[in-house]
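What follows is one structure encoded as structure tokens, with my remarks underneath.
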Amino acid sequence: MEIPVRIGQRVTLLIHGITHDAEGVGRLQGFAVFVPEAIPGDEVEAEVISVKKQYARALIYRILKESPDRVTPLCSHYHECGGCQLMHASYQAQLRYKRQQVESALKRIGGLEGVVVHETLGMANSANYRNKAQFPVGMQAGRIAAGCFKPRSHDIVDIASCGIQHDANNRALVFAKELAQKYKISVYDERLHEGLLRHILVKHAFSTNETMVVFVINGESLPQGEKIAEELMSRLTSVVSVQINTNKRPSNVILGPETKLIAGRDYIIDELDGLKFKISARSFYQVNPAQTKVLYGKAREYAALTGRESVFDLYCGVGTIALFMAAHAKHVIGIEIVPEAIRDAEENAHLNRITNTEFICGAAEDVVPRLIKQGQRPDVYIVDPPRTGCDEKLLATIAANKPDRLVYVSCNPATLARDLKYLSERGFAVVEVQPVDMFPHTSHVECVVLMSRVKE
Ligand SMILES: C[S@@+](CC[C@H](N)C(=O)[O-])C[C@H]1O[C@@H](n2cnc3c(N)ncnc32)[C@H](O)[C@@H]1O
């Protein structure tokens, strides 16, 4: 096909689709043009900035006709900040796009036609839903700035109040920034690998109103750390934990291996569905507590437990899903690769007086074959892998083990589709797919999928 556009050309496009990373899609003589910040229904004049064999990318020069789904973003930082991608679309439209994104990945990547994909389960109030933020720190006009990066750059947008964060996290950020300024804490410069303060990490437990603040530093100690912690805790009474994390590596990884307490305790406690969870600086915990209940509730419904089943919870993090299932199953084994998370999972079981769970540290693809060799045969598998999806060795083991049901929780439709395809070709059928909006206003979507074994 001849490429009908060139760099610098202004083109008029009717946007009819949206990509998985929230760029509008228009066509020029059948050739795809991706337009950041455009949504279906927009008619735009856009300037082409790059051309590849299969597609071009263009930036909006002006909007000729607005989509009926366009809205004013709820956050004043939205247009500068790269944290959210869909805030200019109504929430109902976002939920529609996310369902389409899942359907399209299942078809395109998984070759799965006719799968039931339900409407995305959204939030009644989609603002201020996040319980965790990692704000990068930099200098702007001689003052400490912290917030987020501009899209595709490391330029900092100084955030006064992030529209998707809990108010306690926003206030903690503002106070932490002011105190760093007051006590003249130096700021890390990533090009020179010099200076101290790199990130401000905040976590808030919605149910108990406890906040944690972690100063991520390129050093061992924070000058005036005790004073800073004392002032922080007196200005924001929800702060029960102030810590420093040492990260001396010149990389984009935010947290380093070592965390030290300055004041309070080294964890906060959150409650979910009557269960208590201990959250430390480094452990993974779902960022949207309201929707976590919805997500895990769906996973539990799909697991269809009667109290007699043995369950494997793979990629279990701090054991949240395992503990959520425990009261409904005979026995649950959680498997996770991070040792600290396994320790937290064990403590969480103890904290909730749950005695029918067991947690094993290791890679799921190594531990599961071992357990099966030892004679285990779980009735239900639950997997919740990172964005990369499941290791093929694990999928092969699961398929050969022939459980009745498999519940797949996924934060990446592309790897989900790849893995469902693999299992569909080995004796399992996708029963239904439920997208859940864990990350409103961003392009990300979570899914829970029920697969069952096809009877021979
Ligand atoms: C998306 S999180 C899910 C955590 C947990 N299920 C939850 O809902 O909080 C994925 C987890 O998988 C863990 N992980 C990554 N690779 C792994 C592997 N090969 N085997 C076991 N766990 C792994 C990560 O450390 C992380 O805790």
Side-chain angles (χ1 to χ4, degrees), residues 73-84 87 127-128 130 132-204 211-239 241-256 259-260 262-264 281:
L74 63 87
C75 179
S76 60
H77 300 291
Y78 178 62
H79 287 298
E80 284 181 291
C81 164
C84 294
M87 222 178 239
N128 308 104
R130 272 188 77 102
K132 173 187 161 187
Q134 307 181 112
F135 297 110
V137 180
M139 291 302 287
Q140 263 174 18
R143 291 197 65 79
I144 293 181
C148 64
F149 290 127
K150 286 185 184 166
R152 295 173 289 280
S153 91
H154 273 199
D155 296 344
I156 287 177
V157 179
D158 193 32
I159 298 275
S161 177
C162 164
I164 61 170
Q165 282 297 334
H166 190 284
D167 192 42
N169 286 347
N170 279 324
R171 283 192 291 152
L173 168 69
V174 169
F175 293 150
K177 216 171 3 184
E178 279 176 19
L179 291 166
Q181 182 75 38
K182 176 175 167 184
Y183 288 101
K184 301 190 170 48
I185 305 297
S186 68
V187 163
Y188 180 69
D189 181 324
E190 63 182 356
R191 279 160 311 168
L192 303 173
H193 192 49
E194 272 174 18
L196 198 60
L197 187 56
R198 298 178 70 139
H199 277 84
I200 296 169
L201 161 66
V202 288
K203 293 189 178 188
H204 184 74
T211 310
M212 170 190 290
V213 180
V214 183
F215 293 92
V216 183
I217 55 174
N218 171 36
E220 309 290 343
S221 66
L222 184 67
Q224 312 280 359
E226 274 97 44
K227 270 195 192 153
I228 290 176
E230 199 186 302
E231 281 191 46
L232 199 51
M233 289 167 109
S234 67
R235 286 180 81 174
L236 189 61
T237 52
S238 68
V239 177
S241 170
V242 181
Q243 305 182 62
I244 51 172
N245 172 275
T246 296
N247 183 3
K248 291 187 185 168
R249 286 174 297 199
S251 78
N252 283 341
V253 177
I254 294 175
L255 289 180
T259 310
K260 276 191 269 185
I262 311 184

Legend entry - Neighbour count above 12 (heavy atom, 6.0 Å) for Glu226 CD: no
Legend entry - Glu190 atom CD, over 12 foreign heavy atoms within 6.0 Å: yes
[atom2] on [Y] to [atom1] on [X], rounded to 0.5 Å:
X      : Y      : atom1 : atom2 : answer
Phe149 : Ile156 : CZ    : CD1   : 5.0 Å
Ile228 : Tyr183 : CD1   : OH    : 7.0 Å
Arg130 : His204 : CZ    : NE2   : 14.0 Å
His79  : Lys150 : NE2   : NZ    : 14.0 Å
Arg249 : His193 : CZ    : NE2   : 10.5 Å
Asp167 : Cys162 : CG    : SG    : 11.0 Å

Nearest heavy-atom pair of [X] and [Y]: which atoms, and what distance?
X      : Y      : answer
Ala281 : Val214 : CB-CG2, 4.0 Å
Cys84  : Met87  : SG-CE, 3.9 Å
Asn247 : Val253 : ND2-O, 2.8 Å
Leu173 : Ala146 : CD1-CB, 3.9 Å
Ile185 : Pro223 : CD1-O, 3.5 Å
Cys75  : Ser161 : SG-O, 4.0 Å

Inset, instruction - Could you walk me through whether Asp158 and Lys177 pass salt bridge (Lys or Arg N to Asp or Glu O under 4.0 Å), step by step? - result: CA-CA 10 Å; Asp158 193 32; Lys177 216 171 3 184; 2.8 Å; yes
Inset, instruction - Report the C-alpha distance between Val202 and Phe135 in whole Å, list the side-chain angles of each, state the deciding distance to 0.1 Å, and finish with yes or no for side-chain contact (heavy atoms from CB on, under 4.5 Å). - result: CA-CA 8 Å; Val202 288; Phe135 297 110; 3.7 Å; yes
Legend entry - Beyond-backbone contact of Ile144 with Glu178, side-chain heavy atoms, under 4.5 angstrom: no
Inset, instruction - Kindly indicate whether the side chain of Tyr188, heavy atoms from C-beta on, has any atom under 4.5 Å from the side chain of Val137. - result: no
Legend entry - side chain to side chain donor-acceptor pair (under 3.5 Å) partners for Asn245, two or more places apart: Thr259
Whether [X] side chain and [Y] backbone form a donor-acceptor pair below 3.5 Å:
X      : Y      : result
Gln165 : Lys132 : yes
Asp189 : Glu194 : no
His166 : Ala168 : yes

Inset, instruction - May I ask you to decide whether Glu220 forms a salt bridge with Lys248, counting only side-chain N to carboxylate O separations under 4.0 Å? - result: yes
